[in-house]
Novice: 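Sending over a structure as structure tokens; questions will come in a sec.
Counting starts at 1 for both ligands and their atoms, in listed order.
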Amino acid sequence: MMTGAKITAATIRNMKARGEKIPSLTAYDFPMTRLVDEAGIPLILVGDSLGMVVLGYPDTTPVTMPEMEHHVRAAARAKPRGLLAADLPYHSYQTIESAVANATSLVESGAEAVKAEGGREILSQVSAIIDSGIPFLGHLGMLPQRVLEEGGYHVKGKSAHEHHALVEDAQALAEAGAFAVVLELVAPQVAKELTERLPIPTIGIGSGPYCDGQILVTPDLLGMLPWYSLKHVKPRLNAAEQMRVVVEEWKASVVDSVKRS
Ligand code: KIV
């Protein structure tokens with residue numbers, strides 16, 4: 001457990017006012033949460049990206065509430081100093097009742113805030129979650145839970161229509177009481193404009209350098225998934241290759257010791 005005052009949703013929100021950048025990462029289990037927390041990451045997300053980077057699904061849409069709860073419980077056992085947020089998975093917040101019930105279940109599993117994808121179309125669910133006392137993190141731009149409907153991962157905000165919609169959605173989330181908003185694959189100039197206009201922090205992923213914070217899927221940062229390459233992240237470590245080498249060396253040492261005996 002990291003020492004120092006516990007980081008809350010209010011702390012994250014106030015970092016913008018203090019001009020502090022907000023480096024954020026995902027984590028899905030006890031060791032990864034403990035490691036990123038010990039590195040001083042203030043916002044840790046149990047993202048539904050776990051569907052792809054841990055569970056082997058092709059996208060995030062098959063992720064279920066029991067899967068999210070299982071990983072949130074594991075991450076929460078690290079008792080991070082950083083704020084532990086968790087994703088509401090696909091189809092878990094279609095109504096006000098399901099949104100509040102599922103957000104409450106994630107909090108009972110150990111999450112300290114929840115995130116859901118969308119803007120004005122989910123505003124009544126967002127308001128109900130916040131009214132129930134659960135801090136809410138928004139997510140606009142490319143919404144991975146809509147990847148099948150949209151036929152891929154595309155940059156948002158290039159057309160006047162998308163630009164206008166992003167501004168309206170972001171303002172609506174901020175007015176509803178979201179403490180921050182993730183901007184995924186938003187055209188950098190639009191992300192810059194949102195960062196300047198919003199009273200709450202913007203946390204970018206693939207949205208250029210002008211956001212108040214940046215978030216990455218930790219296995220992408222560490223190079224744990226050599227089978228995929230992403231435009232917005234250059235791995236800082238080749239963990240997959242290092243693991244392969246260590247495993248092969250260890251395997252050879254076992255085989256050799258058997259031959260020698
Ligand atoms: O699921 C996730 O990990 C996310 C981040 C990419 C923001 O939503």
Novice: Under 4.0 Å, heavy-atom basis, I'd like to know which part of Ile203 is in contact with ligand 1: side chain, backbone, both or neither.
Specialist: neither
Novice: If you have a sec, work out which protein heavy atom is nearest atom 6 (C) of ligand 1 and how many Å separate them, to one decimal?
Specialist: Ile205 CD1, 3.6 Å
Novice: Which heavy atom of the protein is the closest neighbour of atom 4 (C) of ligand 1, given with residue, atom name and distance?
Specialist: Leu45 CD2, 3.6 Å
Novice: Below 4.0 angstrom, N of the basic side chain to O of the carboxylate: do Glu162 and Lys158 qualify?
Specialist: no
Novice: Going from CG on Leu183 to OH on Tyr210, what distance comes out if it is rounded to the nearest 0.5 angstrom?
Specialist: 14.5 Å
Novice: Is Glu184 close to ligand 1, meaning an N/O of one under 3.5 Å from an N/O of the other?
Specialist: no
Novice: Using a 4.0 Å cutoff against the non-hydrogen atoms of Asp87, which atoms of ligand 1 qualify?
Specialist: 1 (O), 2 (C), 8 (O)
Novice: Nearest 0.5 Å, please: how far is CG in Leu83 from NZ in Lys6?
Specialist: 6.0 Å
Novice: With no hydrogens and no angle check, is any side-chain donor or acceptor of Tyr93 less than 3.5 Å from a backbone partner on Glu117?
Specialist: yes
Novice: Hey, can you pull the donor-acceptor pairs under 3.5 Å for the side chains in residues 237-249, sequence neighbours left out?
Specialist:
unit_1: Asn238; atom_1: OD1; unit_2: Glu241; atom_2: N; d: 3.2
unit_1: Glu241; atom_1: OE1; unit_2: Arg244; atom_2: NE; d: 3.3

Novice: Keeping Thr202 on the side-chain end and Asp212 on the backbone end, is there a donor-acceptor pair under 3.5 Å?
Specialist: yes
Novice: Does any N or O of ligand 1 fall below 3.5 Å from an N or O anywhere on Asp48, backbone included?
Specialist: yes
Novice: Atoms of ligand 1 less than 4.0 Å from Thr26 heavy atoms?
Specialist: 3 (O)
Novice: I'd like to check whether Ser49 has a polar contact with ligand 1, where a contact means an N/O of the residue lying under 3.5 Å from an N/O of the ligand.
Specialist: yes
Novice: Which residue owns the protein heavy atom closest to atom 8 (O) of ligand 1, what's the atom, and how far is it?
Specialist: Lys115 NZ, 2.8 Å
Novice: Atom CZ of residue position Arg236 - does it have more than 12 heavy atoms of other residues, nucleotides or ligands inside 6.0 Å?
Specialist: no
Novice: Is any NZ, NE, NH1 or NH2 atom of the basic residue among Arg146 and Glu121 found under 4.0 Å from an Asp or Glu carboxylate oxygen of the other?
Specialist: yes
Novice: Hey, which atoms in ligand 1 end up nearer than 4.0 Å to a heavy atom of His139?
Specialist: 8 (O)
Novice: Run the numbers for me: atoms of ligand 1, each under 4.0 Å from some heavy atom of Gly47, listed by number.
Specialist: 1 (O), 2 (C), 3 (O)
